[in-house]
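What follows is a set of notes on a single structure, which appears directly below.
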Number of protein chains: 2
Amino acid sequence: MKRSGRRPGNQDTRSSILDAARRTFAEKGYDKASIRAIAGDAGVDPALVHHYFGTKEKLFLAAMNAPINPGELIPQALSGPREQAGDRLIRLVLSVWDSPAGTAALAMFRSALSNEWTARLLREFVITQILRRAVAELVLDPDEAPLRSTLVATQIAGLMVARYVLKLEPLASAGIDTLAAAIGPNVQRFLDDPMPEVFKSPGA
Amino acid sequence: MKRSGRRPGNQDTRSSILDAARRTFAEKGYDKASIRAIAGDAGVDPALVHHYFGTKEKLFLAAMNAPINPGELIPQALSGPREQAGDRLIRLVLSVWDSPAGTAALAMFRSALSNEWTARLLREFVITQILRRAVAELVLDPDEAPLRSTLVATQIAGLMVARYVLKLEPLASAGIDTLAAAIGPNVQRFLDDPMPEVFKSPGA
DNA sequence: CGATGAGTTCAACACGTGATGAATTCCAAA
DNA sequence: TTTGGAATTCATCACGTGTTGAACTCATCG
């Protein structure tokens, strides 16, 4: 028959490579995370990484594919009173990114800041999966949704940059309650405070 | 005597190298801006860059040193009614970054996002020259100044990332008036809206 | 004129990178 | 026990990087 030879057996290594990849991408970004460093972190020969995942781009995609699944988080952000949506968003974002499951998200973000290809990836992912599918739901006027949701993204991206990349104190070690109380209302204002009429036209 | 040999003559090249360096650093960030690319953009041999500036780090410092001088901008941000300080800050930041003089600032920012050394540089510069010297002046309670000024930095950094790095639409092509009207009030709120009492303790 | 030294270029080194393909180990099916 | 094929490693390639030092050009001074 066709089936013969060694069974897939030790597939721990494959997932330990993925873990190391997520860690390293999150810490150094796409470009500076070398295949050799990832392999070293996983205790494995660099060539094995290529054997499993082919190219570095495919490895990155494989490392992102599994854990980034906002399907469960989005309802959590949408449920509850809409007057506290900003507060809820900040808490959600911070709790996800501070958790081990947020490593992939941090890897994606850090990479997108320095690499064009991953920037395109993040842009498409954020726009189609997050902004249009969740944040836009919170905006009443659909004409204003694109700009308003991008403004929310602005505040959240800035929080990420200051806290996780530039590590500006005292914000980097501030607690989640403090940040939610400070930033939540501003996100809320981006969602539903009245804005000038220029907002309706796309190329304002 | 000591003086002999060819006079400095054509010193255009030195400043054209600096211009090319600022352009390239702004476009690609510190790491991906190769000496060869900078030299090529200036129409010059790569070795000449080393002859003038020694190392790549020194070239970066030289490219940043001249044009980054917030001494004139800070009074502009502080003058005027304090209720419109947020609006003024956003307008100032956008007008500076969109102008050719803002190339150095954009170079600094892009580099800090992907390189540890330049991140330290930007952190020290921003904290000592911008936040403590200008934004903190706008905060009434000195105990709250550190966190409040960092929050302002959060919103501004996020605007930069979304507009210049990720290029999220429609924000990337939005006009300065739209953005000032949308974001200014949020900056204002970071400056002087009442905040929970946790703010006073540094490690909140 | 001839010497000096700045402006400029050329060729090369040492290094780290992503990637490739042959070689080796080793389990499980026949 | 033989053997096929997956798991894993080794050696190597081609390339781009920052950096270096020797060589060349040439305007100016003595």
Side-chain angles (χ1 to χ4, degrees), chain A residues 1-21 24-25 27-63 107 110-111 114-118 121, chain B residues 1-22 24-25 27-64 107 110-111 114-118 121:
Chain A
M1 295 298 291
K2 284 187 174 182
R3 292 312 181 86
S4 162
R6 187 184 198 171
R7 285 272 145 269
N10 198 10
Q11 104 175 46
D12 291 347
T13 51
R14 192 192 152 94
S15 64
S16 82
I17 290 177
L18 282 177
D19 281 349
T24 315
F25 281 135
E27 197 179 330
K28 316 206 182 196
Y30 183 82
D31 294 307
K32 307 188 103 170
S34 66
I35 297 274
R36 284 168 170 84
I38 293 172
D41 190 27
V44 150
D45 190 276
L48 192 58
V49 178
H50 280 105
H51 175 258
Y52 274 127
F53 301 99
T55 171
K56 189 182 179 182
E57 296 196 352
K58 288 183 189 168
L59 169 64
F60 185 80
L61 290 176
R110 279 204 91 121
S111 298
S114 56
N115 180 278
E116 261 305 314
W117 174 69
T118 55
L121 240 57
Chain B
M1 295 297 292
K2 284 186 174 180
R3 292 312 183 85
S4 165
R6 188 183 197 171
R7 287 273 144 268
N10 199 9
Q11 112 174 46
D12 290 346
T13 51
R14 191 192 153 94
S15 65
S16 82
I17 289 177
L18 283 178
D19 281 350
R22 275 187 286 270
T24 315
F25 282 135
E27 196 179 329
K28 316 209 182 192
Y30 183 83
D31 293 307
K32 307 188 103 172
S34 67
I35 297 274
R36 284 170 170 83
I38 294 172
D41 191 27
V44 151
D45 191 275
L48 193 59
V49 178
H50 281 103
H51 172 61
Y52 275 128
F53 301 99
T55 170
K56 188 182 181 183
E57 297 196 351
K58 287 182 190 170
L59 170 64
F60 185 80
L61 291 177
M64 297 301 114
R110 278 206 92 120
S111 298
S114 56
N115 180 277
E116 261 304 316
W117 175 68
T118 54
L121 239 58

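Residue numbers begin at 1 in each chain, while the letters A, B, ... track the order of the sequences. Note that this is a predicted model, so its numbers are computed, not measured.
For NZ of A:K56, the number of neighbouring non-hydrogen atoms (other residues, nucleotides, ligands) closer than 6.0 Å is greater than 12.
Taking 4.0 angstrom as the limit, B:T13 places none of its side-chain polar atoms (N or O) nearer than this to OP1 or OP2 of C:dG7. For C:dT8, one of the phosphate oxygens OP1 or OP2 lies less than 4.0 angstrom from a side-chain nitrogen or oxygen of B:Y52. Close to D:dT19, at under 4.0 Å from its OP1 or OP2, lies a side-chain N or O of B:T55.
A heavy-atom distance below 4.5 Å is found between the side chains of B:K32 and A:N115. Contact check for A:L18 versus A:L59: side-chain heavy atoms found under the 4.5 Å cut-off.
What separates NZ of A:K58 from P of C:dG18 is a distance of 16 Å, to the nearest Å. In this structure, CZ of B:F53 is placed 14 Å from P of D:dT19, rounded to the nearest angstrom. Atom CD1 of A:I38 is separated from atom C1' of C:dG18 by 11 Å (rounded to the nearest Å). Between A:H50 atom NE2 and C:dT20 atom P there is a gap of 7 Å when expressed in whole angstrom units. Between A:L59 atom CG and C:dT17 atom P there is a gap of 15 Å when expressed in whole angstrom units.
Nearest heavy atoms, B:A21 versus B:A63: CB-CB, 4.3 Å. Heavy atoms only, all atoms of each residue included: B:A20 and B:T24 are closest at O-OG1, 2.6 Å. B:A107 approaches B:M64 most closely through the heavy-atom pair CB-CE, 3.8 Å.
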Show me the donor-acceptor pairs within less than 3.5 Å that the side chains of residues 43-51 of chain A make with the rest of the protein, sequence neighbours left out.
| from | atom 1 | to | atom 2 | distance (Å) |
| --- | --- | --- | --- | --- |
| A:D45 | OD1 | A:A47 | N | 2.8 |

Mind listing the N/O atom pairs, protein and nucleotides 10-17 of chain D, below 3.5 Å?
| from | atom 1 | to | atom 2 | distance (Å) |
| --- | --- | --- | --- | --- |
| D:dT17 | OP1 | B:S34 | OG | 3.4 |

Is there a side-chain contact (heavy atoms from CB on, under 4.5 Å) between B:T118 and B:D31? Walk through the geometry before answering.
CA-CA 10 Å; B:T118 54; B:D31 293 307; over 6 Å; no
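An angle of 20°, rounded to 10°, separates the two end axes of the helix from C:dC1-D:dG30 to C:dA30-D:dT1, each defined over five pairs.
Taking the six-membered ring where tryptophan is involved, the planes of B:F25 and B:Y30 are essentially parallel, since the angle between them stays under 30° and well short of 60°.
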